[in-house]
Amino acid sequence: MTMQNGFETASFEPKRDEDDAPSLDAGPIALIKVGAASLMDKARNASLGSLLWPWTSSPARPERLRPTAYLDGLRGFAAFLVYWHHHELWAHPPPLTQVFETSFGYDGRHYFAALPFIRIFFHGGHFAVAVFFVISGYVLSAKSLSLIHAGEQAKLADNLASALFRRWLRLFIPVIITTFVYMTVVHSFGMYIELLEKKPHYFRAVWDWFCELKNFSFIFHNDKKGYFIYNFHLWSIPVEFKGSIVVYTSLLAFSRAPRNARLWCQAFLVFYFLYIVDGWYCALFVSGMLLNDLDQLAAKNQLPAWFDRFRPYQQSIIYTMLGVAFWLGGCPANGHDSKDLRKNPGWWLLSYLKPQAVWDVKWFFLYIAAVLFVTATPRVPWLKRFFETRFCQYLGRISFSLYLVHGPVLWTLGDRVYAAVGWPKETRLVQLGHWWNKFPLPKTGPMGLEIAFLLPHLVLLPVTLYLAEMVTRHVDEPSLRFPQWLYKAVTTPRPGRLPA
């Protein structure tokens, strides 16, 4: 890590998907044969135990972490915040859930879980999603920006072509597999799932799943619902794909612009997506791309000269960023309008900052919070070290799978466990009455940290982490390799033949 233009920076060269891609020197047909043989080999040598207990061969921790390993840890911890936020809202009955969605003192209620800064650990799911999008913009643009800086236009075109080809497959293959398995399990066992209608037979369930999936995965559809009924937490996946397209097209559009023009174009895009149209998620992706551009320029001491003016105040600026990020990251979510936000103590004046174009007010403040937090993290040593711990690095490795499976676990096992320990909810009393109060636990303790809430996680968290590990090894990692192979297969001419 070096000091450039008054800011600590680290060169960012992430491990790319294609780094592990198999060679196609012998042509795609030969590769298919080699791949099939390798798969059969693994199937013969794998024991049932190694398939069902994925930790038999844990990935070795590298001796030296990459300069941007903190981003993996940040992504993982953010995924855990999403898990915790959803459980808080699902376990507690509706009158209590408003405590998590509003600020401290709202309607005369004062709870520890609603305190500024503290509330992120109970209500941090929205903030976590905004952080996901900034990290994605940062990571997706890293290689392309390094090629732009080097003037490698031909390699840039190849890189963007490969990235765009693989992106949909990488995002939606895990969604397709996990939601299909979830649908099959729920139907096969006749389980009651809130918000999910039971189908008369399996083929009807499959057809309903397919119809939902094809619209959900097509980002240009006109369906206003915006979520997938078989896992409505995954609303952010199509948004992730849209943001990826914005990043890739922007990189191509600005690739021949000189440094200052490129930076100004990215800054204008951020302004456009926040103040002219309601494109808050695009602003998050573009901001991540802009941060990476600035970091790479700083690593080569090529930042615009005016950055030098901030050198004497670097630490003050960074810690101010961190404080503002923690405050705004806890933006209340009890309504989409500025009028709703003004009812929350501490947010009356801030509510007037919302741009006219933004429909849901919280995303404007979460945009600011996420960008400031991602900017500050590598420049605050103790915070960076936290995200580089084994715990956060492990969560980072399974983060996508944790995001995919925590909902199905919550709606199947979690709903029944919360009913068994006595959390009241109308649908539980009606549909899961046979589970009600089987193992009653006291609801003593601070709001959000009650004994009846914490103890169930001795079961729910290990089950969720186990399934996330299984999905990471058997679904997520193969879904990274398959698009790599497919891209090379369709773009590599067969030996002895001219390209068509």
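No experiment lies behind these values; they were computed from the predicted model shown. Values below: every heavy atom of this structure, side chains too, minus hydrogens, waters and symmetry copies.
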Closer than 3.5 angstrom, by distance alone: can the side chain of [X] be matched with the main-chain N or O of [Y] as a donor-acceptor pair?
| X | Y | value |
| --- | --- | --- |
| Gln393 | Phe387 | yes |
| Thr389 | Phe386 | yes |
| Asn344 | Asp340 | yes |
| Arg170 | Ser479 | no |
| Ser162 | Asn159 | no |
| Glu388 | Ala69 | no |
| Ser103 | Pro345 | yes |
| Glu450 | Gly448 | yes |
| Gln484 | Leu480 | yes |
| Asp337 | Lys339 | yes |

Subject >> Phe132 vs Val82, side chain to side chain contact (heavy atoms under 4.5 Å, CB included): CA-CA, chis, key distance, verdict >> reply: CA-CA 11 Å; Phe132 287 154; Val82 172; 4.1 Å; yes

In terms of ring plane angle, is the pair [X] and [Y] parallel, tilted or perpendicular, where the classes change at 30° and 60°?
| X | Y | answer |
| --- | --- | --- |
| Phe122 | Phe100 | parallel |
| Tyr83 | His87 | tilted |
| Phe453 | Tyr418 | parallel |
| His86 | His406 | parallel |
| Tyr202 | His187 | tilted |
| His126 | His123 | perpendicular |
| Tyr227 | Phe232 | perpendicular |

**OP:** Evaluate ring-ring contact (aromatic ring centres under 6.0 Å, His included) for Phe216 paired with Tyr230, printing each intermediate quantity in order.
**Re:** CA-CA 11 Å; Phe216 175 75; Tyr230 288 93; over 10 Å; no

Which atom of [X] lies closest to which atom of [Y], heavy atoms considered:
| X | Y | answer |
| --- | --- | --- |
| Ser401 | Asp476 | OG-CB, 3.7 Å |
| Trp327 | Pro116 | CZ3-CB, 3.5 Å |
| Val371 | Ser287 | CG2-CB, 3.7 Å |

Side-chain heavy-atom pair [X], [Y] within 4.5 angstrom cut-off:
| X | Y | result |
| --- | --- | --- |
| Pro424 | Trp436 | yes |
| Val270 | Tyr367 | yes |
| Trp168 | Phe241 | yes |
| Ser250 | Phe285 | no |

Subject >> Stepwise ring-ring contact (aromatic ring centres under 6.0 Å, His included) test for Phe273 and Tyr281 >> reply: CA-CA 8 Å; Phe273 287 128; Tyr281 57 91; 7.8 Å; no

Taking atom types as modelled, is there a side-chain donor on [X] or [Y] under 3.5 Å from an acceptor on the other?
| X | Y | result |
| --- | --- | --- |
| Asn231 | Thr179 | no |
| Ser244 | Arg167 | yes |
| Thr68 | Tyr138 | no |

**OP:** Please lay out, stage by stage, how Leu383 and Phe373 fare under the test side chain to side chain contact (heavy atoms under 4.5 Å, CB included).
**Re:** CA-CA 10 Å; Leu383 187 59; Phe373 191 77; 4.0 Å; yes

**OP:** Begin from the C-alpha positions of Tyr192 and Asp415 and carry the test side chain to side chain donor-acceptor pair (under 3.5 Å) through to its verdict.
**Re:** CA-CA 10 Å; Tyr192 161 76; Asp415 216 12; 5.7 Å; no

Original post:
Does Asp72 come within less than 4.0 Å of Arg397, counting only side-chain N to carboxylate O?
Top reply: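 Result for this pair is no, no salt bridge flagged.
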
